[in-house]
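Numbered from 1 within each chain, the chains take letters A, B, ... in sequence-line order.
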Amino acid sequence: MATPAYKIDAGRLPAVLDDLARHRQVITRMDRDGVNVFARYTGDMPSLRGNGAVSAREHFLPRMEKIHGYQLAPGEVRLSPAGPVEPAVLFGARPCDLAALELLDRVLLEGEFLDTAYQARRAATVNMALACDSAGPGCFCRSVGVSPAGTAGSDVILYPSGQALLAVATTARGAELLESLGLPGAAKDEVDRAQDACEQLVVPVAVETGPVTARLGQRLDDPYWAEASRRCLGCGICTYICPTCYCFAVHDINRGSQGARVRCWDSCMFKDFLTMAGGHNPRPTRKERFRQRFLHKLQYYPEQYGSPLCVGCGRCLDKCPAGLDMAGVIMDLGGGQ
Amino acid sequence: MKRVGVFLCWCGSNIAATVDVPALAEYAAKLPNVVYVEQNKYTCSEPGQEQIRKAIAEHRLNRVVVAACSPRMHETTFRRTLASASLNPYLLEMANVREHCSWVHQDRAEATAKARALVRRAVAKVQLARPLFQSSIPVNRRALVIGGGIAGIQAALDIADSGHKVVLVEREPTIGGRMAQLDKTFPTLDCSSCILTPKMVDAAQHENIQLWTYSEVEEVGGYVGNFQVKIRRRATSINASACTGCGACWEKCPAKTGNEFDLGLGQRKAIYVPFPQAVPNKPVIDRDLCIYFKTGRCRICQRFCTAGAVEFEQQDVVVEETFGAIVAATGFEQFDHAVYGEYGYGKHPDVITGLHLERLISASGPSDGKVKRPSNGAVPETVVFVQCVGSRDEAKGVSYCSRACCMYTAKHAIMLHEKIPGVSTFVFYIDVRAAGKGYEEFYARAQELGAQYVRGRVARVYQRGDKLVVMGEDTLLGAKVQVEADLVVLATAMTARHDAQSLARTLGISYDQNGFFTEAHPKLRPVETNTAGIFLAGACQGPKDIPDTVAQGTAAAAKVNNLFAKENLLAEPTVATVNEAWCSGCLWCKPTCPYRAIDSKTISQRQVGKILTRQVATVNAGLCQGCGACTVACRTGAMNLLGFSNEQILAEVDAICP
Amino acid sequence: MTAWLDALRDHVREFLSEPGVDVFIGYRAGRRGREVPAFLTRPEQASGLVLGPAASGALAKYVLEEAAGTTGRLGVLARGCEALSLQRLVRDLRVERERLHVVGVPCAGVADLAKLEASLGALEKVESCGERWLVTAGGNRHDVDPSQFMEERCRDCASPWPQQCNISFGQAVMSPASPDYSTVAALEALPADERYAFWIRQFERCLRCFACRQVCPACSCVECSLDLVDPPWLGREITVPAQAMFHYTRALHVAGRCVDCGQCQKVCPVGIPVALLNRKLARDIQELFDVQNPFVPGEIEPLGKFRAEDREEFM
Amino acid sequence: MKYVYYPGCSLGGTAREYGISARAVNDALGLEFQELADWSCCGASSAHMTNLDLALALPVRNLALAEAQGARELVTACASCYQRLAIVAHEVNTHPRARERANQLTGADYKGGVTPRHLLDVLGKDVGVDRVAARVTRPLEGLKVACYYGCLLVRPVKATGFDDPEDPQTMDTLVKAAGAQVVTWPFKTECCGASFSMSRTDVVAGMAAAVLSEAKAAGADCLVTACPMCHSNLDMRQSMAARVARTTFNLPIYYITQLLGLSFGYMPRQLGLNSHFVKALPLLRRLRLV
Amino acid sequence: MSVGEQSWKPTIVAFCCNWCSYAGADLAGTSRLQYPATVRIIRVPCSGRVNPQFIVRAFQRGADGVLVAGCHPGDCHYSTGNYYARRRFLLATRFLEYLGIEPGRLWVRWISGSEGHKFATVIKEMSAALERLGPNVKLREGAL
């Protein structure tokens, strides 16, 4: 049987969000001083055009996350668990950001080591994807197997249709959620038209990762790394805006006789990322750090999981101050024009 | 593992009455790494200290907190206690729960709550305390005195007498300085040269004093105990050891000029000794004036020198010497009162300065002690003294009082009345400042002898016939006054040497807006400078009369002597230190150091196979006084202050807040 | 195509063929209309040099890495702000002036590429043509008015013409403006609480990617206090107060040393008006310690000296 | 050379002769003096003794007018006006709060861009002695002049300062240029008591007497001034001064512009030489200068 | 005024230079001058040692006000330290205000070793001022 489609008219959107927010927090994209950010819905209209400056990843892997608290008493340490995870709806994330979640799942949820905090957030969050009917200047999702109308990682997909949004569930819990909202239905042909528009969308940047990945194995000592990394500033922009980066560092935040153990984002581009207790740093220069990032995305991950660790969201193309971005590097390495 | 012992003092009831010490003890016991807490009635008492020693031993304490009075009171006491328990004294921290708590608050609950915070702070800080050790610098027991005036002579003699070597550098051909130019000295009126000359001779003959006249300091490097000093010894053109000082040479020398020593009132030759009692009493050749040096001909002096002591070919020599301490005693200059055009100095020969009058009165002066009008040689009948010419005049001169003028003017008046029967003298003054032993009486005596003191400033002095009309105001009468005078004597201000600032820079000491060298502390360290090992004596530090100058000379010598009393200088270990791995070598710390303790050095470090050599800051622990200004100038925190480290202060803040 | 570009290329070609020369840092054409930093080591590479409105990087900072552990001379292409940045690095003793060969070039403002793309679509080329810019985007050529698409920071540039260069090409095109402090003043006019709300809203977005620091010519410390775990100047926790501490510290560390190149704000991926903090401090320094131009590196920074008669507010 | 000119009240009244002779000299030297439109009294010599706001506002009003008319300098021939303008200009330029106050009082928006200058300064610096000398057709040979500057022209230095406060020279050089001979005397800048001109004539007589005696003692047979105040005191009060000093002076008091005008060949009437209390012409006749 | 407000007392963190202000506080003690138990002193060698970052740190950790106290300009035990402090804090006070911190939260005062009274008065005034401002929430970190 065909999954039911619903229609959210522009005027209806606030009401829908309020409905959603009644039982769970709603995370959506807001405009803050002209910057598009994922934030908790508090009644202000979201801003759903374009994409978030920072990827939706931060809802599942927050910048700082408490692991547990502790209390020092003479002769003992008392631990206190981190708070429970709130049920949430992620409303208006783009297919690329949600596709990224599936790439992260493989690392954080598969195999013997389980990231329980991430798992809890994934489980507690219903993802309502917003398909793209227009592309950003840096978009190259198609080149890494993501479609502007892709449903990977989503529970519901929203197709823009004029001022309205057409909602189609892609998972059972998505369907359940939509039902609960009591929305008017949408005509099948309208849905098809909206969906096609997105399916057909042309994205400006195209690369081929296949050949690159194939060859990278032998290119560890390629002078390219040293030359290209010369203009890397060593900041963490690329890793922090990226939907598929997931590195973190664990710290104890101490306040006298109490404190908390937290994990915070960390970036492989930082010089101290790998510095060890003794002061030894296996990746002492920008070259190694720069190379590591791209080898991880284009060689190690693919070798393990069969696809590059990139969803072509294009953020690094827009934001890297040195013009050192994923698409560019792929092309430099022979993946496309 | 940190093992902190906390000792809470009751200070009798001083603390216990307001702070609930037992409760505090209970609280302290719960603080991180606190393994032992004890209360004493009087922790500073011998039994109290004994308790600390015992606890350190029994409970293997490696950090100690004493919550008692102000550290300014007993920190040293308890540091000694730790030391005697063979624990590094700098592993102590005090919580000031008396002066800062029990004595200033009444509410027991509030005071106790605050005391908790104070103890928390102390415990947090002491965790991060490191054992510190006093560094020591060897002292080179040899002093340099710059300036051969009475201040320098006095300092040199006092240092030399206590058995230390001294080099006394004077840029003129003779020592003696200003005092040598004076006739008599107030308030006792004893003859200046009679009391100065013997000292000059002593200085010259002292086995521990090397007298380097006609010499100047050019460069000073190093630091306390080890200054490297470059001194230029100008060519005198005379072989001092051969010269007998017979005087034949200057008798015969054809080149004449105004004698600086007599301020141009008398004459000297190109080869000359500045004055008869000069020390050393050997002539020098003024090469700018000497005909031989100008034309290559003459050599008369050489011809008449039976000792063959004239050596035209002599050259300047620059010697480098090491000294442990330096005394600056470079004296003062007279204010250039040309700016007071209305007083007609330069226009009218009979308008002179106090120093001129000294030379006129002096028996050894150009007029053999007879006071005459420079214009016509007549004995003056009416003499007007103008006080504060330059002094206390922000508009045209300097803001300060020159301190000596009031008294030397009184002296001049007295002496004129003694020398010239029936002379009438007028003194225009703003205030008469006679603060000194016997000064007020001296001033009174001048008045008794007939000096008429007029309270007010002089507006102008101008010639009428062969008289000088002095127009002024008597502010007490509120009327304009005019005096027809034969001689007008200006009490010009004492100012810093025109080149004092460049010497200050050479020495690395500071100077005030008037160019006088600044002492380390106006009250408590009057003869020290902020540069350890450099001391001040006499008018180079500010206007002074002779008694004060001599006193300061002796004081500076005392400071040098107690510096020389030690073989090594022990420096407090709470000084700045550089983490070279972090230092970028930007040296923004350097200008903030008042002691010139920061310098740069080159280090080389391995980085990814490459050897990087780079500059980093380095601190001279001997010079650093531990103010910490540099630590804030350092963005990285590579510059840190032992005993008050960034880590410690941050921890204190964290701990002291609720 | 700018007239002097060939002359520039010839000069760089010569420079690179001189002995003891390590590298020349300039720009080359990148993809998607960008012009990216280029590190030329061989004379023949000189022909690849470009310099258009799209060259928006900050070359000065690269000198640090290039100079570390090497001894040869380094050529750098410098527009006004880049020249100041180099002076800053030299003044902070991070590189010897003698090692630098600063090649000055005029600047008519840098293009805000994001803004161009937003209105014209994906870029292919941005070139300056007299007073105008020729932009190729989305397949079409557009003749655009620079003032419309110029980087915010270039609009009131006080030093478009590079100073203290070894050689320079072309002549000044933009006349120096004086820094516009109106935004600072506007903020100051707000009630404290609103000001606080404004800044917290900005700081909340901060990712601590440190791009503002990495690109800053005044942030050249071998080790940054903000990276240190001990002493914990800046805790590792990412909380609003900690973010505020981060930006407070960064701003105070560059106070009196900032050259107003505006890169910190330009590179911020989440649009924090970082330069607004620098500007406030600069203006206060100018007023309080009557510094002529707070953005030109001086012998001693205003906070590294004092005057006894400085303003007294703490009696 | 163009200047915005502030006549001040005296030059239309008590010092008419100064006014007209100044114009004559300016014309001769090709100086264009454009009168400040809508100028008002500067407040000398009473305002600064009685009401500080007034003393501040009156000059600033005129300075502001000049600034508004695009002038960077404001020239005046009257020493009192000059001093008041100069002092206030200095005041508002050194104390922003004084400027605020002044603008608040006058409703003007004075930015501090105007420098008051005295005619002497202009003649001495801008025109220069040589150009003056070049214009002389009838050198004032034999005339022994005591140049009297008074206290207003050169004090306070920080505000005026175009000449040495103790021994000014500008007038001396100009008079020499005109062919007259200058006597050296000590009272160049002594006060004549101007401010007491009306209230305490006895004081004035005493002070004027001192000035005149010194001039005579120095061998001068006339005095030259650039200040209406000084002029009135030395000229109008000369007889009284003579009585006090128990002597007769008979020293004509000329304005600098009158002497220059004369040397440029103007007729006495064109210079107002006929309107002095102490007859100004006999001496000139005796020396065959008219 | 509610009981809550009445019972609330501000917390002041004071950085006092060892030679003047700390001594001044000692003098206030020895002369038994009473002032509110709001202030907690951190001893530093010189006001020039006080890093503006310490101030924000104090606010983060819950201080309601911060006092930086040193020798009067010209009297610095190290002759120049407080001159640098003066420049740094002329700037820092303005900067904190710019970030939205109320002017009354950071005080800088010159208090000599003989000014026990001044120390007590400053603490009284500052406490009163802070009570009017109420507890500081800005830059203050919550529970972890």
Side-chain angles (χ1 to χ4, degrees), chain A residues 32-37 39 50 53-54 58 62-66 135-139 203-205 227 229-241 249-254 260 262 264-265 267 269-272 285-286 315 317-325 327-328 331-332 337, chain C residues 23 25 30-39 41 54 56-59 61-62 65-66 68 113-114 116-118 120-123 137-138 198 201-202 204-215 223-224 227-229 232 235-239 242 263 266-273:
Chain A
R32 293 259 196 282
D33 309 283
V35 184
N36 194 263
V37 301
V54 180
E58 72 173 319
R63 295 174 204 179
M64 178 174 87
E65 183 170 31
K66 182 172 175 181
C139 292
V203 296
V205 183
E227 188 50 36
S229 63
R230 254 177 147 170
R231 66 180 205 261
C232 173
L233 285 167
C235 73
I237 292 181
C238 49
T239 52
Y240 281 0
I241 57 176
V250 174
H251 307 286
D252 288 342
I253 310 299
N254 195 34
V262 300
C264 303
W265 283 3
S267 167
M269 304 306 279
F270 292 161
K271 79 176 197 315
D272 290 334
T285 73
R286 283 184 190 167
R315 288 185 174 93
L317 281 71
D318 298 339
K319 298 292 186 194
C320 176
L324 261 182
D325 52 72
M331 294 184 204
D332 292 346
Q337 64 279 67
Chain C
V23 65
I25 310 174
R31 297 192 179 80
R32 301 163 41 243
R34 267 64 176 171
E35 292 183 359
V36 297
F39 300 80
T41 49
S56 61
L59 296 183
K61 195 70 184 287
Y62 290 116
E65 289 274 320
E66 294 296 324
L113 300 177
L116 278 172
E117 276 175 327
L120 305 177
L123 292 174
F198 169 83
R201 206 170 65 240
Q202 310 301 320
E204 269 175 340
R205 296 202 298 273
C206 178
L207 300 170
R208 286 233 204 134
C209 66
F210 291 109
C212 46
R213 175 191 72 191
Q214 293 305 96
V215 78
E223 195 61 56
C224 176
D227 283 341
L228 299 175
V229 181
R236 279 292 166 273
E237 66 273 23
I238 299 180
T239 61
Q263 288 289 340
K266 176 188 180 303
V267 299
C268 179
V270 291
I272 301 172

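- In terms of heavy-atom proximity, A/Arg231 sits nearest to C/Val36 at NE-CB, 3.8 Å.
- When heavy atoms are compared at a cutoff of 4.5 Å, C/Glu35 does not approach chain A at all.
- Proximity to chain C (any heavy atom under 4.5 Å) is shown, for A/Arg315, by neither the backbone nor the side chain.
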Start with the C-alpha distance between C/Arg31 and A/Asp332, add both sets of side-chain angles, then the distance that settles side chain to side chain contact (heavy atoms under 4.5 Å, CB included), and finish with yes or no. CA-CA 10 Å; C/Arg31 297 192 179 80; A/Asp332 292 346; 2.6 Å; yes

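- By the salt bridge (charged side-chain N to carboxylate O under 4.0 Å, His left out) test, C/Arg236 pairs with no residue at all, sequence neighbours left out.
- Of the atoms belonging to A/Leu233, heavy atoms from both backbone and side chain fall under 4.5 Å from chain C.
- Legend: residues meeting side-chain contact (heavy atoms from CB on, under 4.5 Å) with C/Ala122, ordered by chain and number and at least two apart, are A/Pro204.
- C/Ala211 approaches A/Cys235 most closely through the heavy-atom pair CA-CB, 3.4 Å.
- The shortest heavy-atom contact between A/Ala322 and C/Pro37 is O-CD, 4.2 Å.
- With a 4.5 angstrom heavy-atom cutoff, C/Cys206 touches chain A only via backbone atoms.
- For chain A, the nearby part of C/Glu117 is the side chain; its heavy atoms alone come within less than 4.5 Å.
- Side-chain atoms of C/Arg32 never come within 3.5 Å of backbone atoms of A/Gly328 as a donor-acceptor pair (strictly under, hydrogens ignored).
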I would like to know whether C/Glu223 and A/Lys271 meet salt bridge (charged side-chain N to carboxylate O under 4.0 Å, His left out); could you show each step before the answer? CA-CA 10 Å; C/Glu223 195 61 56; A/Lys271 79 176 197 315; 3.0 Å; yes

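- Heavy-atom minimum distance, A/Tyr240 versus C/Arg208: CE2-O, 3.4 Å.
- Contact of A/Val54 with chain C is made through the side chain alone, with heavy-atom distances under 4.5 Å.
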Between C/Leu207 and A/Ile241, is a side chain to side chain contact (heavy atoms under 4.5 Å, CB included) present by the stated rule, with each step listed? CA-CA 9 Å; C/Leu207 300 170; A/Ile241 57 176; 4.1 Å; yes

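- Contact annotation for A/Leu317: both backbone and side-chain heavy atoms come within less than 4.5 Å of a heavy atom of chain C.
- The main-chain N or O of A/Arg230 is never found under 3.5 Å from a side-chain atom of C/Tyr62 such that the two would form a donor-acceptor pair.
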Set out, in order, the CA-CA distance, both residues' side-chain angles and the distance that settles side chain to side chain contact (heavy atoms under 4.5 Å, CB included) for C/Arg205 and A/Asp33, then state yes or no. CA-CA 10 Å; C/Arg205 296 202 298 273; A/Asp33 309 283; 3.0 Å; yes

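- When each of A/Cys320, A/Gly236, A/Gly136, A/Ala39 is checked for heavy-atom pairs under 4.5 Å with chain C, A/Gly236 comes out on top.
- Ranking C/Arg34, C/Arg201, C/Arg213 against chain A, the residue ahead of the rest is C/Arg201, based on heavy-atom pairs under 4.5 Å.
- Contacts of A/Asp325 with chain C are made by side-chain atoms alone, with heavy-atom separations under 4.5 Å and no backbone atom involved.
- Of the atoms belonging to C/Glu66, it is side-chain heavy atoms, and not backbone ones, that fall under 4.5 Å from chain A.
- Contact between C/Gly271 and A/Val35 at its shortest, heavy atoms only, is CA-CG2, 4.0 Å.
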